[in-house]
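Please read the structure below before turning to the comments.
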Amino acid sequence: MIDVNHLRQDLEGLKTAIARKKFECDLDSLVELDKRRRETISEAEQTRAGQKAANTEMSQLPKGSPEFLAKVAEMKELAGKVKDLEAVAKDADEQFQEAFLSVPNLPHESVPDGKGEEDNQTISAWGEVEGDFPHAVPHYDIPWFEKLIDFPRGVKVAGAGFPFYIGEMSQLVRALINFFLEEADKNGYQEVHSPIVVNAASAMATGQLPDKEGQMYVDQNEGMYLIPTAEVPVTNFFRDEILNSDELPVKRCAYTPCFRREAGSWGKDVRGLNRLHQFDKVELVKWVHPDNSFDELESLRKDAEGLLQKLGLPYRVLLICSGDIGFPHSKQYDLDVWAAGQKRWLEVSSCSNFTDFQARRANIRFRGEDGKPQPVHTLNGSALAIPRVLAAILENNLDSEGRVKVPDCLRTWFDKDFLSG
RNA sequence: GGAGAGGUGGCAGAGUGGUCGAAUGUGCCUGACUCGAAAUCAGGUGUGCCGUAAGGUACCGGGGGUUCGAAUCCCUCCCUCUCCGCCA
């Protein structure tokens, strides 16, 4: 959630900022709800103060004395009034809070205006894309593909979108995970191994609930959610905590499987490894001082880019426009890898600054220079999502003999020159 | 899963219906003493919300209830510990 002072002190500025995003919310009625909330709280608390004062008096009187009994009778009415007013205030507060949760984060001034995907800006690119892949085919058309990635048996055992990776392919997945984690370590991210289920409070804090409930797998019995990204458990590590300012920035990385129901998006671009219900990913998360969160976003993005460069995979960097940016994001970059066989870009990373938006929901603060707690800024980025990186390696590195050249940077964990089924 | 015990401020730990946001100890900060440190002494030291402020109000695991009044009584959920069972 945003700072409520935006609503109280700069309503027009807030309207302008939100209008740049595609999300709609009725700020005028929100202002009314805020006003009513404050009035009802004030009234209930004043009445309650009267009750407390009377109770202090009563505690001095002898119990059971006529004065005492008279006071009890008198106070009954006030007690009922307090109860009623507190209920009204609580109701008004909840109404406001609920509506306030639907206000999106404000886009940063450096985020370009735009209606949707088509207005995202390509701000840089790396590697050759045209004419450099004479033997490329879509990864799912490589003759031996189905020997190493078994979709039908995944369907039998679990369902569509849950493939088995077999033998050398499984080892290659493991090599990618290790490579990503080691590079993150070199860049100063402390590795954590996290739960891959979370409770409702955690999913609420990072914004998966209430809006995106349908995208997660749920265990109804336990009230648990399979994580759609390590962002959720890792960010929640510091939920309801106050950090020391000299601890900032905190940088963490985690490898986890990720689970997404992909409700609504199934049927489009789903062949092979392009879109799965379960996939592996290494995620980078930062908790930083508000003063330098946008610098931290740049370095986060460079950390993710470094992986694609070492793998030798061409990619482009998209600066996401105001109309395509997510609800909690202030600024977002996507990294798209070039898949030469399919001749299309595959998104393998999304690097975002949430400013204080997530931190307010998750109640993650630090003690500022004045000693008062204030929200940190949180950032995260994929580094990287495995299956699409794998797809690009398979397609781009296919040679004339139908073999796939394994990137040199993976040799520590996968000691073969080629993958050939 | 069964039986029992328990969840209070950074930590430890009192408090079983009223003057308790909460004793005491400890930790931390400031000051005094000291060449400096230790020790000692004095003061300070939670968070949210309402309020321009003064101040008010809420919070003793979460939620609900009883009462004029709840950290304290009742219900319920969660969690921790001990023992038993089961198990990677």
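Here is how names work: the chains are called A, B, and so on, in the same order as the sequence lines, proteins then strands, and each is numbered from 1.
Residues passing the salt bridge (Lys or Arg N to Asp or Glu O under 4.0 Å) test with A:Asp415, sequence neighbours excluded: A:Arg411. A search for side chain to side chain donor-acceptor pair (under 3.5 Å) contacts involving A:Gln278 returns nothing, not counting sequence neighbours.
For the residue pair A:Ser299 and A:Lys286, a side-chain donor N or O sits within less than 3.5 Å of a side-chain acceptor on the partner. Between the side chains of A:Asp93 and A:Gln95, no donor N or O sits under 3.5 Å from an acceptor N or O. For A:Thr235 and A:Asn380, the side-chain atoms include no donor-acceptor pair closer than 3.5 Å.
A salt bridge is absent between A:Lys302 and A:Glu305; no separation between the charged side-chain nitrogens and carboxylate oxygens falls under 4.0 Å. Salt bridge status for A:Glu183 with A:Lys186: present, with a side-chain N to carboxylate O gap under 4.0 Å. A salt bridge does not link A:Asp119 to A:Lys115: none of the charged nitrogens lies less than 4.0 Å from a carboxylate oxygen. We find that A:Asp417 and A:Lys405 are not joined by a salt bridge, their nearest charged nitrogen and carboxylate oxygen being 4.0 Å or further apart.
Distance check on atom P: B:rG64 versus B:rU72 gives 14 Å, rounded to whole Å. B:rG27 and B:rU80: their C1' atoms are spaced 24 Å apart (whole Å). One P atom belongs to B:rG85, the other to B:rU66, and the distance between them is 44 Å to the nearest Å. Straight-line distance between the C1' atoms of B:rG61 and B:rA5: roughly 16 Å, to the nearest whole Å. Across the P atoms, B:rG21 and B:rA71 are found 8 Å apart, a figure rounded to whole Å. Taking atom C1' on both nucleotides, B:rU8 is separated from B:rC20 by 12 Å, rounded to a whole Å. Taking atom P on both B:rC41 and B:rC50, the two are 43 Å apart, rounded to the nearest angstrom. Rounded to whole Å, the separation between the C1' atoms of B:rU52 and B:rU47 comes to 22 Å.
Between A:Lys76 and B:rG69 there is no side-chain polar atom (N or O) within less than 4.0 angstrom of OP1 or OP2. For A:Arg365 and B:rG48, the shortest distance from a side-chain N or O to OP1 or OP2 is below 4.0 Å. Distances shorter than 4.0 Å separate none of the side-chain N or O atoms of A:Gln46 from OP1 or OP2 on B:rC50. The side chain of A:Lys90 places an N or O atom within less than 4.0 Å of a non-bridging phosphate oxygen (OP1 or OP2) of B:rG64. Contact annotation: A:Arg367 side-chain N/O to B:rC29 OP1/OP2 distance is not under 4.0 Å. Regarding contacts with the backbone of B:rA58, a side-chain N or O of A:Arg48 is found under 4.0 angstrom from either OP1 or OP2.
For A:Ser59 and A:Gln51, each mapped to the nucleotide of RNA chain B holding its nearest heavy atom, the one lying further toward the 5' end belongs to A:Ser59. Residue whose closest nucleotide on RNA chain B sits further toward the 5' end, between A:Asp34 and A:Glu45: A:Asp34.
You'll find the ring centres of A:His329 and A:Phe354 inside the 6.0 Å limit.
Note: NZ (A:Lys71) to P (B:rC68) measures 15 Å, nearest angstrom. B:rU47 atom P lies 15 Å from atom CD of A:Glu241, rounded to whole Å. Atom P of nucleotide B:rG69 and atom CG of A:Leu78 are separated by 9 Å, given to the nearest angstrom. In this entry the distance linking CG of A:Asn244 with P of B:rG10 reads 13 Å, nearest Å. Remark: P of B:rG10 and CG of A:Asp240 are 13 Å apart, rounded to the nearest angstrom. Residue A:Ile41 contributes atom CD1, which lies 6 Å from atom C1' of B:rC50 at whole-angstrom precision. One interatomic measurement links the two molecules: CG of A:Asn363 to P of B:rG48, which rounds to 8 Å at whole-angstrom precision. Summarising the geometry, the separation between CZ on A:Arg37 and P on B:rG51 is reported as 8 Å, rounded to the nearest angstrom.
In this structure, A:Arg8 reaches the sugar-phosphate backbone alone: every heavy-atom distance under 4.0 Å involves primed, P, OP1 or OP2 atoms, never a base. As judged by a 4.0 angstrom heavy-atom cut-off over every strand, A:Lys52 is placed among residues touching the sugar-phosphate backbone only. Using a 4.0 Å heavy-atom criterion, one finds that A:Ser42 contacts the sugar-phosphate atoms exclusively. No contact: A:Glu77 has no heavy atom under 4.0 Å from any strand.
A cation-pi arrangement is absent between A:Arg252 and A:Tyr189, since the terminal nitrogen or guanidinium carbon is not both under 6.0 Å from the aromatic centre and inside a 45° cone about the axis.
Both key distances under 3.5 Å define a Watson-Crick or G-U pair, and stretches of 3 or more such consecutive pairs in RNA chain B run B:1-7 with B:78-84, B:10-12 with B:24-26, B:27-32 with B:40-45, B:46-50 with B:55-59, B:61-65 with B:73-77.
In this structure, of B:rG48, B:rG18, B:rG56, it is B:rG56 that holds the atom nearest to the side chain of A:Ala49. Listed candidates were B:rU47, B:rC50, B:rG18. Nearest to the side chain of A:Pro373 is B:rU47.
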Validation: residues 153-167 of chain A side-chain donor-acceptor distances under 3.5 Å, sequence neighbours left out:
residue, atom, partner, partner atom, Å
A:Arg153, NH1, A:Asp150, OD2, 2.7

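Minimum heavy-atom separation, A:Glu262 to A:Arg275: OE1-NH1, 3.3 Å.
At least one donor-acceptor pair under 3.5 Å links the side chain of A:Ser349 to the backbone N or O of A:Ser382.
In the region residues 79-89 of chain A, proximity to RNA chain B at under 4.0 angstrom, judged on heavy atoms, holds for A:Ala79, A:Lys83.
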Identify the pairs formed between an N or O of the protein and an N or O of nucleotides 73-76 of chain B at a distance under 3.5 Å, and give each distance.
none

